[in-house]
2 protein chains.
Amino acid sequence: MIATLTEIKSQFKELGIKSTIPRTVIYQSLMKFEHHPSAEEIYLGIQKKYAGVSLATVYKTLDLLVQKGLAHKVVTDEDKVRYDARTDQHIHLYCNKTKKIMDYEDPTLEQIIMDYLNKKGIPGFNFSQIQVNIKGEISNKKINRKL
Amino acid sequence: MIATLTEIKSQFKELGIKSTIPRTVIYQSLMKFEHHPSAEEIYLGIQKKYAGVSLATVYKTLDLLVQKGLAHKVVTDEDKVRYDARTDQHIHLYCNKTKKIMDYEDPTLEQIIMDYLNKKGIPGFNFSQIQVNIKGEISNKKINRKL
DNA sequence: TCTCAAATAAGAATTATTATTAATTAAATG
DNA sequence: CATTTAATTAATAATAATTCTTATTTGAGA
Ligand SMILES: [Mn+2]
Ligand SMILES: [Mn+2]
Ligand SMILES: [Zn+2]
Ligand SMILES: [Zn+2]
């Protein structure tokens, strides 16, 4: 999950992304976050390691990563976009209380939904991706979940 | 689906919402929209029938409706919240091309998911609502779908 | 009808994000 | 390795959505 600098650079090269220090730092930071950070969180998180990166660059780089398929946007009903270094199909748990967004692995459920939709189809609509968001509240018993 | 003014007023009274002209007009407008409008769309749509309502009032009223359970927010990766007069469980189709959000009825699929989750549970999480968003593109064959 | 707490209009303020532009930098080339 | 140059960045201005402030208006109850 956390890639080395060399790996990132070759990944960038493959995708035709010019490799710069801000870009590698931002991408590494996004991957290291244990939750789904906003642009500002990444901006702040970076300052220790690489002060001087501007917020605009963070935004532009995140956009680039999204466009090149290295990251996904995650939206909530707050006015702030979050980013996700995971781009494979997975489910998000939204906690109404803490406002945290957690990854939830359930390949079986995803498969059930996909099988159903692939068999049935949606008249007049060509679907390419399904998104399952589950809202609720973290319950007292602590589970070590990826935020 | 489209309620009469008297119905709206009694609905408001039940929920402890003071009935005012802006509120009833905004709520009626939201219900009449065949798609999932933004605050500004409602603001503009209202002007014919009731000019003079301010945009701030539209925002405040929509927030109130959401809080009282008469409307839901619908978010997209654009920086603009949409509103939905439907508050029952239903699926949304997001068209990447037209950016339209359509309601999709599939009680069977919803039931399958609910059954699965209710049986299995999510460790450490108390879920209250699931949201299924299906992304893709409207296909050429025209289907009369609720936007 | 009168009263008054609650709601509204108008516009200022805030916040997240995007655009502009001059300076910097990374890759390609010799 | 030094040079070239197009792409990237920092700084900051601009924009767009939403929220806040406050003086005025309004609707529900007495
Ligand atoms: Mn915005
Ligand atoms: Mn905003
Ligand atoms: Zn995720
Ligand atoms: Zn809907």
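By convention in this document, chain letters (A, B, ...) are assigned in the order of the sequence lines, proteins followed by strands, and residues within each chain are numbered from 1. This one's a predicted model, so the numbers in the text were calculated from it and none came from an experiment.
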Could you tabulate the donor-acceptor pairs under 3.5 Å formed by side-chain atoms of residues 7-15 of chain A, not counting sequence neighbours?
residue: A:E7; atom: OE1; partner: A:T4; partner atom: N; Å: 2.8
residue: A:S10; atom: OG; partner: A:E7; partner atom: O; Å: 3.2

For this session: Report the residues that fulfil side chain to side chain contact (heavy atoms under 4.5 Å, CB included) with A:Q47, sequence neighbours left out, ordered by chain and then residue number.
Result: A:Y43, A:A51
For this session: Report the C-alpha distance between A:I91 and A:L109 in whole Å, list the side-chain angles of each, state the deciding distance to 0.1 Å, and finish with yes or no for side chain to side chain contact (heavy atoms under 4.5 Å, CB included).
Result: CA-CA 9 Å; A:I91 294 171; A:L109 176 55; 3.8 Å; yes
For this session: Report the distance from atom CZ of A:R82 to atom CD of A:E41, rounding to the nearest 0.5 Å.
Result: 6.5 Å
Problem set entry | Per-nucleotide protein contact string for nucleotides 6-11 of chain C, where B marks a base within reach and S marks sugar-phosphate only (heavy atoms under 4.0 Å, - for neither) | SSBBBB
For this session: Tell me whether the OP1 or OP2 atom of C:dT17 has a side-chain N or O from A:Y59 closer than 4.0 Å.
Result: yes
Exercise. For the helix from C:dT1-D:dA30 to C:dG30-D:dC1, how many degrees between its two end axes (five pairs per end), to the nearest 10°?
Worked result: 40°
Exercise. Looking at residues at least two apart in the chain, or sitting in another chain, which of them share a side chain to side chain donor-acceptor pair (under 3.5 Å) with B:Y50?
Worked result: none
For this session: List in numerical order all residues of residues 69-76 of chain A for which some heavy atom is under 4.0 Å away from an atom belonging to DNA chain C.
Result: none
Problem set entry | Under-4.0 Å salt bridge between B:K73 and B:D84 | no
Exercise. Taking only residues two or more places apart in sequence or in another chain, which ones pass side chain to side chain contact (heavy atoms under 4.5 Å, CB included) with A:N126?
Worked result: B:S139
Exercise. Per the side chain to side chain contact (heavy atoms under 4.5 Å, CB included) rule, which among B:L30, B:L44, B:V25, B:I42 passes with B:V58?
Worked result: B:I42
Exercise. Can you name the residues that form a side chain to side chain contact (heavy atoms under 4.5 Å, CB included) with B:L64, not counting sequence neighbours?
Worked result: B:I17, B:R23, B:K68
Exercise. With nearest nucleotides of DNA chain D determined for B:D79 and B:S19 from heavy-atom distances, which residue corresponds to the more 5′ nucleotide?
Worked result: B:D79
Exercise. Got a salt bridge between B:E105 and B:R86, using NZ or NE/NH1/NH2 to carboxylate O under 4.0 Å?
Worked result: yes
Exercise. Tell me the ring pair (Phe, Tyr, Trp, His ring centres under 6.0 Å) pairs involving residues 53-89 of chain A, sequence neighbours left out?
Worked result: none
Problem set entry | For B:H90, all residues meeting ring pair (Phe, Tyr, Trp, His ring centres under 6.0 Å), sequence neighbours excluded | B:H92
For this session: Using whole Å, report how far CG of A:D77 lies from C1' of C:dT15.
Result: 16 Å
Problem set entry | B:K80: partners by side chain to side chain donor-acceptor pair (under 3.5 Å), with sequence neighbours left out | none
For this session: Extract, from 5' to 3' on DNA chain D, the first and final nucleotides lying under 4.0 angstrom from some heavy atom of chain B.
Result: D:dA17 to D:dA28
